[in-house]
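Because only heavy atoms are used, hydrogens play no part in the values below, and waters and symmetry mates are left out as well, while side chains stay in.
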Amino acid sequence: MVGFLGPNGAGKTTTLKMMAGILYPTSGTAQVLGYTPSERKRGFQQKISMVMGQKNQLWWDLPATEAYELNKEIYGIPTPEFKETLSELIALLSVEDILQTPVRKLSLGQRMKCELIASLLHRPKVLFLDEPTIGLDLMTQKKVREFLREINRKTKTTVILTSHYMEDVEAICDRVIMIDKGQKLYDGSIKGLIAKYGNEKYLQIDFDSPVDRQELEEIGRVVEYEGVRATFAVSRKDHTALAAKILTKYKVDNLDIQEVKLEDIILKHFSGQK
Amino acid sequence: MKKYFKVFLLSLSTQFQYRSNLVMWLIVAFLEPVVMVMVWSSILGDRPEIGGYGRSDFVLYYLSTTVAWYFVGGVFSGRVGQAIKQGEINKSLIKPYSVVMEAMAGEQAWKVVSLALSLPVVALLWHLFGADYNLQMTWFLALALLVSIIFGASIFALIEALIGITAFWFVEVWPIGEVIGVLRNLFGGILAPLTLLPLYIQRIAVYLPFKYIFYTPVNLFMGRVENPLREIGIQGLYVGVLYIFYKYLWKQGLRRYEGIGG
């Protein structure tokens, strides 16, 4: 599972569309599964799928099952295989009770689940996901992540996703590719990315009584401040010394040492303060 | 083709989601031929005919044009234009599936519903005003009519598809659709039989594809075509030329396409 990261306008969706065969590259070539996507060969289309945020392949006025039947015809899926895949996907996403409801009456989360099913009926080898969890509630986001992990584990489907939610990426991607302005900046594991760019740790401290921010700023870089609680960003090698210093100087209720979040790295990296 | 038949069936079920629309279509189906027949009846006055068209000729002409519209017509350029504009076309680029065919198949659904609704109306009108007409139908003519309807429908669909894919270049396709619609009604004999229009319009019509959409099959049906094979040949030629042009434009359009939408 590959996470495709970068700020708005970095070219994530454009790259995805190019790999899916929607866009012609203005220069150079793209290769996916040994095919040139822009040629849009049937063999290629049978092996890929794409879910694009709000663009849906479901029929607004009809139940989702009707769109599944249509996909069955589009991809020429044999009936037994279709039934088997469909019931598997339905069970994984627990959507049995909404399949007969017209799509227009479904919530955003329910629609996304139905979309995911539609995109996987022909058992694609590669699934492109553009912001699959955008606008979904936390429960559904979690469910979708679990589902994607399961699909990847069970069917070995390669999943390439872009997301604004770093939790998506941290929870499901083994590999991340970071791009900006069409240029690749990083390609590797999430751990590697944190090690490369996240040379800091966070110290979150709950004081017994409120402490003045200015006073704390003299000790280290404060990234969050709420009076009785403050979070410091410190370099990896200094964090224990700083923790000891704080513990001796103030009455501390709780001290928590945290790894830098992927989201913070991205934010920091793209705001130009590497 | 099975997939587009499925689209047709899906669109058909969609039609029944909005049943109140069906009543509207029934009224439209009824009004159009009745109004045209009334207009020509009053122009005819006491005269037995104008330009070879008597009262029952007019009745048959407008009734068959109405029915032919359901077989041959169906405006879907707007749907195609919308699909391109809003990026819905993306789904047809990643699947072995065409959004243009989807729009066309979808359009057939309401036509079938309207045809079914309008047939009793047409039959009633025919019974009231045109029953004395003597229709000469042979096997050859029936076959020629079938081919002519298929070609007419293909010309119509290809023109609609062409209008639709201009969305790759223009922001809105409806103005082009409107202009073509007016030309089609005038030069295609929908407004009035071509032979009743000024000579210069008839001359221009010969060089345009519109007359081969409805006018040719309707005239074949009424037994007014001298050389059916020649007319059908021209229809076939238009289908070929328009198809090649469509394929070329589609390819050029896709190269420009920016894959709008997330």
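Other residues, nucleotides and ligands contribute more than 12 heavy atoms inside 6.0 Å of the CZ atom of B:Phe8. Within 6.0 Å of atom CH2 in B:Trp169, more than 12 heavy atoms from other residues, nucleotides or ligands are found, so the atom counts as buried in its surroundings. The neighbour count for B:Lys111 NZ, taken as heavy atoms of other residues, nucleotides or ligands under 6.0 Å away, is above 12. Annotation for A:Tyr24: atom OH counts as buried by contact number, over 12 foreign heavy atoms lying within 6.0 Å. The neighbour count for A:Gln31 CD, taken as heavy atoms of other residues, nucleotides or ligands under 6.0 Å away, is above 12.
Along residues 139-154 of chain A, no residue comes nearer than 4.5 angstrom to chain B, judged on non-hydrogen atoms. Taking non-hydrogen atoms and a 4.5 Å limit, the residue list of residues 69-76 of chain A in contact with chain B, ordered by number, reads A:Glu69, A:Leu70, A:Asn71, A:Glu73, A:Ile74, A:Tyr75.
Distance OG/B:Ser13 to CH2/A:Trp59: 8.5 Å, rounded to 0.5 Å. Here B:Ile94 contributes atom CD1 and A:Phe128 contributes atom CZ; the two are 9.0 Å apart, rounded to the nearest 0.5 Å. Atoms OG1 and CG, from B:Thr14 and A:Asp61 in turn, are 5.5 Å apart once rounded to the nearest 0.5 Å.
Residue A:Gln45 comes nearest to B:Leu93 through the heavy atom pair NE2-O, 3.0 Å, listed as atom of the first residue, atom of the second, then distance. Heavy atoms only, all atoms of each residue included: A:Leu62 and B:Leu10 are closest at CD1-O, 3.4 Å.
Side-chain atoms of A:Gln57 and B:Lys95, non-hydrogen and from C-beta on, do get closer than 4.5 Å to each other.
Using a 4.5 Å cut-off between heavy atoms, B:Leu9 makes no contact with chain A at all.
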Q.
Run A:Met50 and B:Asn90 through side chain to side chain contact (heavy atoms under 4.5 Å, CB included) and show every step you take.
A. CA-CA 10 Å; A:Met50 187 172 192; B:Asn90 291 351; over 6 Å; no
